[in-house]
Amino acid sequence: MTAVTDSEASLRLRGARAEGGAEATAKMSAADLSAWFGDKQALRRITLPLIERKVTAIIGPSGCGKSTFIRCMNRMHEVVAGARTTGDVLLDGKSVYGADVDPVRVRRRVGMVFQKPNPFPTMSVRDNVLAGLRLSGIEPPDADALVEEVLVQAALWDEVKDALDRPGGALSGGQQQRLCIARCLALEPEVVLMDEPCSSLDPIATAKIEELIHDLRDRYTIVVVTHSMQQAARVSDYTAFFYVGELVEYDHADVIFTKPSDPRTEDYITGRFG
Amino acid sequence: MTPELESAYSGRKLAARAAKTASSVAVGLALLPLFAVLAYVASQGARALSVAFFTEPIGVRGAGMANAIVGTIELVFLASAMGIPLGIAAGLYLAEYASTPLARAVRFSADVLAGVPSILVGVVVYAVVVVWMKQFSAFAGAAALAIVMLPLVTRTTDELARAVPDSLREAALALGAPRWRTAIFVVLRTAAPGIRSGCLLAVARVSGETAPLLFTAYNSRFFNESLFDPTSTLQVQIFTYTMTPNDDWHAQAWAAALVLVALVVVLNVLARRVLAEREPA
Amino acid sequence: MTQRALSTPPRLPPRSLRASVEGNGSSVDRAFGAVGAGAAGALGLVLVGVAASVARIAWPSIQATGLSFVTTSVWDPSRGTYGALAFVFGTLVTSFIALLLAVPVALGVAVFLTDLGPRRLQRPVSSLVELLAAIPSVVYGLWAALVLAPILRTTVQPALAAVGGPLFSGPNVGFGILCASLVLAIMLLPTIASVSRDVLRAVPADLREGALALGATPWDALRLVVFPHARRGIFGAVLLGFGRAIGETMAVAAVVGSRADISPSLFAPGYTMSSVIANEFPAASSELHVAALAEVGLLLFVVTVAFNVAARVLVARSREGSPRASQAGAGSGGAA
């Protein structure tokens, strides 16, 4: 597979450049990744690193393939009928699309937070946090401590510590989304994918989630898809701009937002389209 | 993954595989009787079919079922003529005019009516029509079948008409069209493929209905001369022959079953075809 | 055409004509509404009419037999003795056994169609299951009487008899409770499978995805997230199947054995409410006989309506979604 090593090399190069010369390792990377829904191509040959313990933001107008991209990272894309991919995605240098790779294992390591908060409505707040472990067949011995630890991490503990037995659906939208983040963190994933995590939330809840992303960046490799450039500028270390299924530009966030090299990026961030 | 997770996962993977296998076995078990029934109906029916089956009326050895075939077709046509327009009108009314508690109640009773055993519909039509006219008749049978169709057609029309976006209605109303024109020319036309398909399914369903005919259309050995005479049908004739210990009659029943199943399957396929025509767009 | 329209000013119909068009429209509108309301009302009346007219014919029997109608099981029209307990018993036993057999298989089919089966097989299997539902009851009756019953007599029932016990003893003729239950199970299967499939499909995709993204296998997702969410609807599907089983007539009438007996043996001939009506109503010997059969019909009506109402309510509620869906909707609505 020379193609993969080639693109791997170019990734390192780009990653290194992005880091300004210092060595930065890609926790995950897409290599020549294309994705389809039936006959419709949603992603065109994307090659992109996701730098370890940094926040990468993916921006672009709606329909540009940014959500599809992160759903390819943990093999959620294939859950949709008629969806397929070509190219490859690497996690710690190993393909996640290999014939012998179990998507369930990939998803254990690469967590995901969805656009619409989706706590399990038939479970309590507490059970929602533990849902990932229970789904994995594990009943943690010190469940209470774990629930508290994770909810503290997700900046939700103070708000729900007296309501742990209420159904997850009874929380406000912003709380629900932080519950979903907690549910994801309880599994100690290595990568956290967030698909427009604030798009259904009000500004105060959005601020809380952004703060949370900031706090989590030292422990996880985070990818945030967002349609808000301000949000990308606030939370990300690296930013990738997608346009109609293609990767237009990828660089340090401050470079993208101050002196983008592609005119399309410039048009987008200055609000001329999208 | 930690060893703990790893060992838990191997168990889960086993469970997942077992569940998958079990669901495939269930599909096999479900389809086994389907194939068994179809295979018997096809092979036994084909053996017993003859020209006489389609040309001679019911009788003793070697006779056919021409009058039963005519009876079934006649009843289904009559029932459709009564049930379909009434059902579409009721469904359209529910969707377009009424969002009141009354409409909800009618909707609900249509659902419940669809679940009432069809033999009770036969009892009712017997009590009302047969007793009143003092004889079994094709008309009574058709009325019973129409009542069986009614809730099916109504609910299909209602649901599909409600699925038509309001923007279309508003566009028509804003052009000055009265509501009834909007309902017929915009809503009904938009929902037409689905409603056609739903009607075909309802027709298919009553083509095989037997219980409501036992004491409405009853049975007859002759071609019926008027709608107000009893008539034989394939369905009732199959049942009558099933309950006899005579091999010749059993053979006739298989042949009739083949014709009936073919009719029902063709109607079902047509219904799906009508629906599929709209889908690619 | 366009040019003409541009060169000459558009001709408006005279005022009076427009008024008459409008007037016409609204009166047609009213008429249309009346026709529709009439049709809808007729539909509502049919249900009430069914109950009322069945009750009316049944009245002589209700008066003559009173409570003993449902507490005794001697049914002898020639001596004017009418006790329907054996029919109730036969109906409940055959329906219950049929459910016992059909529900696991139907749920297996439903999850095959939504979650566990290969995608390319889901559509054809779905069509075949619907075909199973399309075959007329009377054809199942023919098949059961001429194919299934002989198999039971020669193979299955002797094997079961070797197991022993009161359930598997008694006369072995093929026709009887077991045969009726089996053919009922076959007929219920597509109903339960397709309603359960719809209920499972109505579980929001984001819940399934949420579970999968946490590293659940498809089976884990079903067990821990989808089933708890859909259990009310699935219960409704089972009730709907039960309602259908109780009312199913022709196939049961062909193989149940037609004897008003209460026996613990599954091999024994029995009778059900619907099949006794089918067999005896056309040739009922006296007014009281007709009335007694109608009273059986009334019982049947009450039981099936009760089951259908319960089932519809459960299925509708589970389709309308969860408290979560509505609250999340309200939450995001407020934010937007």
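Note that these values count all heavy atoms, side chains included, but never hydrogens, waters or copies made by symmetry. A note on names: the letters A, B, ... follow the listed sequences, proteins ahead of strands, and every chain is numbered from 1.
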Greatest number of non-hydrogen atom pairs under 4.5 angstrom with chain C, of B:A253, B:G115, B:P85, falls to B:G115
Turns out that what part of C:L189 lies under 4.5 Å from chain B's heavy atoms comes down to side chain
- Task: I would like to know whether C:V138 and B:L260 meet side chain to side chain contact (heavy atoms under 4.5 Å, CB included); could you show each step before the answer?
- Result: CA-CA 10 Å; C:V138 70; B:L260 195 61; 4.2 Å; yes
Separation between CH2 (C:W143) and CG (B:L38), nearest 0.5 Å, reads 10.5 Å
Sorted by chain and residue number, the ring pair (Phe, Tyr, Trp, His ring centres under 6.0 Å) partners of C:H289 (sequence neighbours excluded) come out as C:Y82
The interface call for C:T217 against chain B, heavy-atom contacts under 4.5 Å, is both
Honestly, the part of B:A204 sitting under 4.5 Å from a heavy atom of chain C is neither
Taking a cut-off of under 4.5 angstrom between non-hydrogen atoms, the residues of residues 296-306 of chain C near chain B are C:G297, C:L300, C:F301, C:T304, C:V305
In this structure, CZ of B:F108 is separated from CG of C:N308 (nearest 0.5 Å) by 8.5 Å
Turns out that what part of C:F307 lies under 4.5 Å from chain B's heavy atoms comes down to neither
The interface call for B:L92 against chain C, heavy-atom contacts under 4.5 Å, is side chain
Honestly, the part of C:V309 sitting under 4.5 Å from a heavy atom of chain B is both
Practice task
Just do the side chain to side chain contact (heavy atoms under 4.5 Å, CB included) check on B:V123 and C:L293 with the steps written out, would you?
Solution key: CA-CA 9 Å; B:V123 174; C:L293 288 168; over 6 Å; no
Applying a strict 4.5 Å limit to non-hydrogen atoms, the region of C:D115 in contact with chain B is neither
Would you sort out whether B:N268 and C:L131 count as a side chain to side chain contact (heavy atoms under 4.5 Å, CB included), showing the intermediate values? CA-CA 8 Å; B:N268 269 281; C:L131 187 58; 5.5 Å; no
Please table the atom pairs, donor to acceptor, closer than 3.5 Å between any side-chain atom in residues 145-152 of chain B and protein atoms at least two apart or in another chain.
none

With chain C, the option among B:A211, B:A257, B:A127, B:A256 that has the most non-hydrogen atom pairs under 4.5 Å is B:A211
Counting heavy-atom pairs under 4.5 Å with chain B, the top scorer among C:I57, C:D220, C:L113 is C:D220
Turns out that what part of C:A145 lies under 4.5 Å from chain B's heavy atoms comes down to side chain
Contact list (residues 22-29 of chain B to chain C, heavy-atom gap under 4.5 Å, by number) returns B:S23, B:S24, B:A26, B:V27, B:L29
Okay, C:L128 and chain B: the region with an atom under 4.5 Å from a heavy atom over there is both
Cut-off 4.5 Å, heavy atoms of chain C, and the answer for B:I88 is neither
Value for CG (B:L213) from CE (C:M250), rounded to nearest 0.5 Å, stands at 9.0 Å
Original post:
Around B:Q135, counting heavy atoms of other residues, nucleotides and ligands shown, do more than 12 lie under 6.0 Å from its CD?
Top reply: yes
Ranked by heavy-atom pairs below 4.5 Å to chain B, first place among C:I246, C:V139, C:V125 goes to C:V139
Okay, C:R312 and chain B: the region with an atom under 4.5 Å from a heavy atom over there is side chain
Comparing C:V111, C:L240, C:L116 against chain B, the one with the most heavy-atom pairs below 4.5 Å turns out to be C:L116
Honestly, the part of C:R56 sitting under 4.5 Å from a heavy atom of chain B is side chain
When the 4.5 angstrom heavy-atom criterion is applied to B:L201 and chain C, the contacting part is neither
Whatever's closer than 4.5 Å to a heavy atom in chain B on C:L146 counts as side chain
Does B:Y241 reach the side chain of C:L142, with side-chain heavy atoms less than 4.5 Å apart? no
Comparing B:I238, B:V112, B:V106, B:V37 against chain C, the one with the most heavy-atom pairs below 4.5 Å turns out to be B:V37
Applying a strict 4.5 Å limit to non-hydrogen atoms, the region of B:L113 in contact with chain C is both
Over 60° means perpendicular and under 30° means parallel, so classify the ring planes of B:F215 and C:F281, tilted if in between. tilted
- Take C:N279 and B:F239 through the side chain to side chain contact (heavy atoms under 4.5 Å, CB included) test and state the conclusion after the steps. CA-CA 11 Å; C:N279 280 338; B:F239 182 66; 3.8 Å; yes
Honestly, the part of B:V264 sitting under 4.5 Å from a heavy atom of chain C is side chain
Most contact-rich option vs chain B, by heavy-atom pairs under 4.5 angstrom, among C:L121, C:V147, C:I135, is C:V147
Okay, B:A18 and chain C: the region with an atom under 4.5 Å from a heavy atom over there is neither
Distance col, row B:L214:CG vs C:E280:CD, nearest 0.5 angstrom, shows 13.0 Å
Smallest heavy-atom separation, C:G141 atom then B:T242 atom, equals O-CG2, 4.1 Å
Applying a strict 4.5 Å limit to non-hydrogen atoms, the region of C:I186 in contact with chain B is side chain
Whatever's closer than 4.5 Å to a heavy atom in chain B on C:E130 counts as side chain
Cut-off 4.5 Å, heavy atoms of chain B, and the answer for C:A253 is both
